[in-house]
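All chains are named by letter (A, B, ...) in the order of the sequence lines, taking the proteins before the strands, and each is independently numbered beginning at 1. Atoms considered below: every heavy atom in the structure, side chains included; atoms not considered: hydrogens, waters and symmetry mates.
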Amino acid sequence: MRIIETPPDWPVDEAAARALQDELRGRVVRDEPGPPPGTGHVTGLDVAYDDERDLVAAAAVVLDAATLEVVEEATAVGRVSFPYVPGLLAFREVPTVLAALEALSVEPGLLVCDGYGRAHPRRFGLASHLGVLTGLPSMGVAKNPFTFTYEQPGPARGDFSELVADDEEGREVVGRALRTRHGVKPVFVSAGHRVGLDTACAHALRLSPRYRIPETTRRADALCRAALKEALGGRI
DNA sequence: GCGACAG
DNA sequence: ATCTTGTCGC
């Protein structure tokens, strides 16, 4: 498998990355409700790393939103394009994720990212970033509350509470802590591009009929790990 | 200055 | 994210 090149103009330091976020954040569309849950395609995105060998494997798994059956899968392997810095996660994953998306032959529909969208120090997380670059509706489902605060939601599946940011951008509801399984730790949902928070949560719930983590993310997670293994070629 | 901090 | 065995529970 060919290794995806990091674009030559990719940000080389934190200052450049933040500047690009500030430029792109103005392009996020926030006044569209988003695709109706249960219709069209939903695409799970995730990546796995091998920092030792400087490799990142990305997976895009397209599901039928109504049945959650796999429509198509694609992977890509690239170089790690940025160190992990909280708030700049996108710069680590975007080139390789875009390559995986471009390898698809069907329309991705709604992008479901493993991380945040609007819930971000500058309101421009991974999901927002990917949405703006592709023009596709996007949302984030994260496993941890990051720096945000929230009240414990009720115990029932579907119960939720506000995810609140209180930072340089002001105090604001940036997402929701959503219970996808009874009595289990909630997931943290935020809108990315061209999707509202209500719709994003409805999708997150539909995509998680059995486990805490949405099927989109679970499928993409398994696939990118397999792709990384294959890229490493057994020789360890 | 120190600690916390999506993946 | 990743390093890692067994183990408790449905």
Side-chain angles (χ1 to χ4, degrees), chain A residues 11 14 17-18 21 25 28 44-60 75-98 100 111-131 138-150 155 157 163-169 172-178 180-193 197 200 204 208-214 216-229 231-232 236:
Chain A
E14 295 189 26
R18 284 170 178 254
Q21 283 186 332
R25 60 181 286 182
V28 175
L45 268 20
D46 196 15
V47 302
Y49 301 100
D50 185 300
D51 285 301
E52 292 291 294
R53 296 171 189 72
D54 192 40
L55 289 177
V56 53
T75 62
V77 177
R79 295 297 179 190
V80 176
S81 49
F82 211 82
Y84 174 66
V85 180
L88 299 178
L89 175 66
F91 294 92
R92 204 169 156 70
E93 318 195 335
V94 160
T96 313
V97 170
L98 286 181
L111 265 28
V112 181
C113 306
D114 186 21
Y116 280 118
R118 182 154 182 84
H120 179 274
R122 288 167 297 282
R123 309 292 182 266
F124 193 71
L126 172 66
S128 316
H129 202 133
L130 284 168
S138 66
M139 56 175 276
V141 179
K143 300 181 284 294
N144 296 292
F146 201 9
T147 59
F148 311 110
T149 58
Y150 67 101
R157 171 179 152 78
L163 187 64
V164 179
D166 193 356
D167 51 30
E168 287 71 16
E169 299 289 325
E172 180 188 351
V173 174
V174 291
R176 283 178 194 161
L178 174 67
T180 53
R181 284 203 66 179
H182 190 106
V184 174
K185 175 180 176 172
V187 293
F188 304 90
V189 180
S190 57
H193 183 58
L197 185 53
S208 317
R210 169 137 196 207
Y211 301 105
R212 177 172 86 110
I213 304 300
T216 35
T217 300
R218 299 185 70 239
R219 284 247 156 75
D221 178 71
L223 184 58
C224 69
R225 287 178 198 248
L228 182 61
K229 254 190 182 178
L232 296 176
I236 313 168

*Checking all strands, does A:A48 fall into the base, sugar-phosphate, or nothing category for heavy-atom contacts under 4.0 angstrom?*
sugar-phosphate
*For A:F124, is the NZ or CZ atom of A:R118 found under 6.0 angstrom from the centre of its six-membered ring and inside 45 degrees of the ring axis?*
no
*Check whether any side-chain N or O of A:N144 sits under 4.0 Å from OP1 or OP2 of B:dG7, and answer yes or no.*
yes
*asked:* Rounded to whole Å, please give me the gap between CG in A:L45 and P in B:dG7.
replied: 14 Å
*Rounded to the nearest Å, what distance is computed from the CZ atom of residue A:F82 to the P atom of nucleotide B:dA6?*
16 Å
*Starting at CG of A:L232 and ending at C1' of C:dC3, how long is that distance when rounded to a whole Å?*
15 Å
*asked:* Using the ring centroid of each side chain, check whether A:F91 and A:H129 are separated by less than 6.0 Å.
replied: yes
*Indicate whether any N or O donor in one side chain lies under 3.5 Å from an N or O acceptor in the other, for A:Y84 and A:E93.*
no
*For A:G140, report the nucleic acid contact type (base, sugar-phosphate, nothing); a contact means any heavy atom under 4.0 Å.*
nothing
*Choosing from B:dA6, B:dC5, C:dA1, which nucleotide comes nearest the side chain of A:Y49?*
C:dA1
*asked:* Students often get this wrong, so: under 4.0 angstrom with heavy atoms, is A:L88 touching a base, only sugar-phosphate, or nothing?
replied: base
_Under a 3.5 Å distance rule, please check whether A:S138 uses its side chain to pair with a backbone N or O of A:A127 as donor and acceptor._
yes
*Rounded to whole angstrom units, what separation is found between the CZ atom of A:F146 and the P atom of B:dA6?*
6 Å
*How long is the line joining NZ of A:K185 and C1' of B:dA6, in whole Å?*
11 Å
*Reckon A:D46 touches a base, only the sugar-phosphate, or nothing at all at heavy-atom distances under 4.0 Å?*
sugar-phosphate
*How long is the line joining CG of A:L163 and C1' of B:dA6, in whole Å?*
11 Å
_Whether A:R92 contacts B:dA6 is assessed here as follows: a side-chain N or O lying under 4.0 Å from the phosphate OP1 or OP2. Is that the case?_
no
*Relative to each other, are the rings of A:Y116 and A:F148 parallel, tilted or perpendicular (30° and 60° limits)?*
perpendicular
*Specify the separation, in whole Å, of atom CG of A:D114 and atom P of C:dA1.*
7 Å
_Given C:dA1, B:dC5, B:dA6, the nucleotide with the shortest approach to the side chain of A:K143_ = C:dA1
*Just call it for A:R181: base, sugar-phosphate, or nothing, with non-hydrogen atoms closer than 4.0 Å on any strand.*
nothing
*Could you check how far CZ of A:R53 sits from C1' of C:dT2, rounded to whole Å?*
13 Å
*B:dG7 pyrimidine/purine six-ring stacking with A:Y84, under 5.5 Å and 30°*: yes
